[in-house]
Amino acid sequence: HLTRTRLLLHLVDMAVVDGTDPTSNARVIEEELANFSPTLAARDRWLVLNKIDLLPAEEAAQRCADVVSKLGWSGPVHQISGLSGAGTQALCGAIQNYLDARRTQEQEDPESASAEQELQLRMQAEARERIEMLRAGHGGDAAQDDDEDGDGGVEVVYTR
């Protein structure tokens, strides 16, 4: 029985239109991930820089290099365009190679498969714990049931 290998793709919008900084946006996601599950946050992650086709080539290259540098990223980096498909075939091929290598490693090394199983169980426990904390922080299921319009108890008043 082989376990499922986790690989996280950290997708970062390089052509932000809301004035935010791609590096800051990436850090927010990293923090949220670490708060949700430290074990999951420690898993292999690849940086996928998206929407590079919406920038002039030279600007895209500089922005990508800046993000990688500011994040101190040492793992794999892929530049893609989800719209045009640029770079996605190479990304998919790299993912498949990664998964194949991990599968082979688990087949050949029972200790590796066992360690992966333990990580899976730890991530599940952390996720359950975090979800329960979130429920408790929002009044639990009873409060959610009382919130008929699903707005989290926020009342909006419109005036002229």
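We're numbering straight along the sequence, starting at 1. Note that the structure is predicted; figures quoted are calculated from it, not measured.
Heavy atoms only, all atoms of each residue included: Thr39 and Arg122 are closest at OG1-CD, 3.2 Å. Looking at every heavy atom in both residues, Asn50 comes nearest to Gly82 through OD1-N, 2.9 Å. Here the shortest heavy-atom pairing between Trp46 and Ala94 reads CH2-O, 3.4 Å. Residues Ala41 and Ala34 share a closest heavy-atom pair of CB-CA, 3.7 Å. In this structure, Gly85 and Thr88 approach most closely via the heavy-atom pair O-OG1, 2.6 Å.
Gln105 has its side chain within reach of Arg102: a pair of non-hydrogen atoms, C-beta onward, lies under 4.5 Å apart. For the pair Thr23/Val67, a side-chain contact is recorded, criterion being any heavy-atom separation below 4.5 Å from C-beta on. In this structure, the side chains of His10 and Leu33 stay at 4.5 Å or more apart for every pair of heavy atoms.
Considering CZ of Arg63 and CG of Leu55, their distance stands at 4.5 Å, rounded to 0.5 Å. Distance CD/Glu106 to OG/Ser114: 10.0 Å, rounded to 0.5 Å. Atom CG of residue Leu11 and atom CD1 of residue Ile29 lie 10.0 Å apart, to the nearest 0.5 angstrom.
Under the 4.5 Å side-chain heavy-atom criterion for grouping Ile, Leu, Val, Met, Phe, Trp and Tyr, Tyr98 is not connected to Leu8 through any hydrophobic cluster. Leu99 and Leu9 fall within a single hydrophobic cluster, where Ile, Leu, Val, Met, Phe, Trp and Tyr side chains are chained together by heavy-atom contacts under 4.5 Å. Leu47 and Leu91 fall into different hydrophobic clusters, defined by Ile, Leu, Val, Met, Phe, Trp and Tyr side-chain heavy atoms under 4.5 Å apart, directly or through other members. Cluster annotation: Leu71 is connected to Val68 through the hydrophobic network of ILVMFWY side chains, with a link wherever side-chain heavy atoms come within less than 4.5 Å. Met14 is connected to Trp73 through a chain of hydrophobic side-chain contacts under 4.5 Å among Ile, Leu, Val, Met, Phe, Trp and Tyr, so both are in one cluster.
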- Message: Set out, in order, the CA-CA distance, both residues' side-chain angles and the distance that settles side-chain contact (heavy atoms from CB on, under 4.5 Å) for Cys64 and Ile52, then state yes or no.
- Response: CA-CA 9 Å; Cys64 290; Ile52 59 167; 4.0 Å; yes
(request) Tell me, with the steps shown, if Asp66 and Gln62 meet side chain to side chain donor-acceptor pair (under 3.5 Å). (result) CA-CA 6 Å; Asp66 288 348; Gln62 185 59 54; 2.7 Å; yes
**OP:** Would you sort out whether Glu116 and Gln120 count as a side chain to side chain donor-acceptor pair (under 3.5 Å), showing the intermediate values?
**Re:** CA-CA 6 Å; Glu116 179 63 28; Gln120 297 287 329; 2.6 Å; yes
Might you work through the side chain to side chain donor-acceptor pair (under 3.5 Å) test for Ser112 and Asp109, ending with a clear yes or no? CA-CA 5 Å; Ser112 177; Asp109 181 12; 4.5 Å; no
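Under the side chain to side chain donor-acceptor pair (under 3.5 Å) test applied with Glu132, the options Arg130, Arg135, Arg128 reduce to a single match, Arg135.
The pair Arg103-Asp100 counts as a salt bridge, with a side-chain nitrogen and a carboxylate oxygen less than 4.0 angstrom apart.
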